[in-house]
Amino acid sequence: MMLLSLFIYAIFTLHMRIAEYCLSFCGLQILHSLVGLVRSPITATLPQISSRLYLTWIILHSFPEVQTHFLVSSLTISWSITEIIRYSFFGMKEAFGATPSFLLWLRYSTFLVMYPIGISSEVSEKFCIRMPNKWNFSFDNFYIAFIALGIYVPGSPHMYRYMLSQRKKALSKSKRE
């Protein structure tokens, strides 16, 4: 188990800086949604991007001791799979005017699995810093996680319904073509 933790930590630290800046640029999605550059509603974009920025910069960047926890792996894997599929879909659509049907299906179906994995990984007591520690500082993510759950509970059904409607629209449109 210790070897696995060291391996996860090595992989995480190797890619952390790149991930931090890539996720920071994702913050532009909020602005793009607000000004209408994209069709995504702000009610779907804001919670998703805000939670990622919070976890990336406030928790993972500030408290390296949580980086070896398996929830961090499930979190980053679910984010990565989602974004690889999403940006591949949009890149193909922009470059070629269409996307392969398998990529369309992946774009509008993987959220069914990835949302629960990501959300359950984000709301964890593991992202707490208890005293004593070298900073003589305590941070209890429980209260922020509690607030996040207060947003996720009503927000998750909204995001699921939104993605299901997008899925239905995109997949039924592809069958007609």
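Not measured: the values here are computed from a predicted model. In this chain, residues are counted from 1 in sequence order. Below, each value reflects all heavy atoms present in this structure, side chains not excepted, and no hydrogens, waters or symmetry copies.
Placement of F25 and I42 in two distinct hydrophobic clusters is found when ILVMFWY residues are connected by side-chain heavy-atom separations under 4.5 Å, directly or transitively. L28 and W79 end up in different hydrophobic clusters when Ile, Leu, Val, Met, Phe, Trp and Tyr side chains are linked at under 4.5 Å. There is no path of hydrophobic side-chain contacts, each under 4.5 Å, that joins Y108 to V38.
Using modelled atom types, one side-chain atom of S51 and one backbone atom of Q48 make a donor-acceptor pair closer than 3.5 Å. S109 contributes no side-chain N or O that, together with a main-chain N or O of L106, makes up a donor-acceptor pair within less than 3.5 Å. Between the side chain of S33 and the backbone N or O of S40, at least one donor-acceptor pair lies under 3.5 Å.
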Working note: L46 + L34, criterion side chain to side chain contact (heavy atoms under 4.5 Å, CB included); need CA distance, chi angles, decisive distance, verdict.
CA-CA 9 Å; L46 184 64; L34 278 172; over 6 Å; no
Tell me, with the steps shown, if F111 and R167 meet side chain to side chain contact (heavy atoms under 4.5 Å, CB included).
CA-CA 10 Å; F111 79 93; R167 180 179 191 267; 4.0 Å; yes
Side chain to side chain contact (heavy atoms under 4.5 Å, CB included) between I30 and S50, intermediate numbers included:
CA-CA 9 Å; I30 296 169; S50 298; 4.1 Å; yes
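Going from atom CG of L23 over to atom CD1 of I49 covers 8.0 Å, rounded to the nearest 0.5 Å. Note that CG of L37 is 7.0 Å distant from CG of L31, once rounded to the nearest 0.5 Å. Separation of atoms CG (L104) and OG1 (T99) is listed at 5.0 Å; rounding is to 0.5 Å. The line from CE of M163 to OH of Y115 is 5.0 Å long, rounded to the nearest 0.5 Å. Remark: L53 CG to S24 OG distance equals 6.0 Å, nearest 0.5 Å. The OG1 atom of T82 sits 11.5 Å away from atom CD1 of I77, with the distance rounded to the nearest 0.5 Å.
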Cut-off 3.5 Å, no hydrogens considered: what does the side-chain donor-acceptor table look like for residues 84-91, sequence neighbours left out?
| from | atom 1 | to | atom 2 | distance (Å) |
| --- | --- | --- | --- | --- |
| R86 | NH1 | Q29 | OE1 | 3.4 |
| R86 | NH1 | E83 | OE1 | 3.0 |
| R86 | NH2 | Q29 | OE1 | 3.1 |
| Y87 | OH | Q29 | NE2 | 2.7 |
| S88 | OG | I84 | O | 2.6 |

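In plain terms, the two heavy atoms of P100 and M92 that are nearest each other are CD-CE, 3.5 Å.
Using a 4.5 Å heavy-atom cutoff, the side chains of L164 and L112 are in contact.
W105 and T110 are not linked by any side-chain donor-acceptor pair at a separation below 3.5 angstrom, with hydrogens and angles left out of the test.
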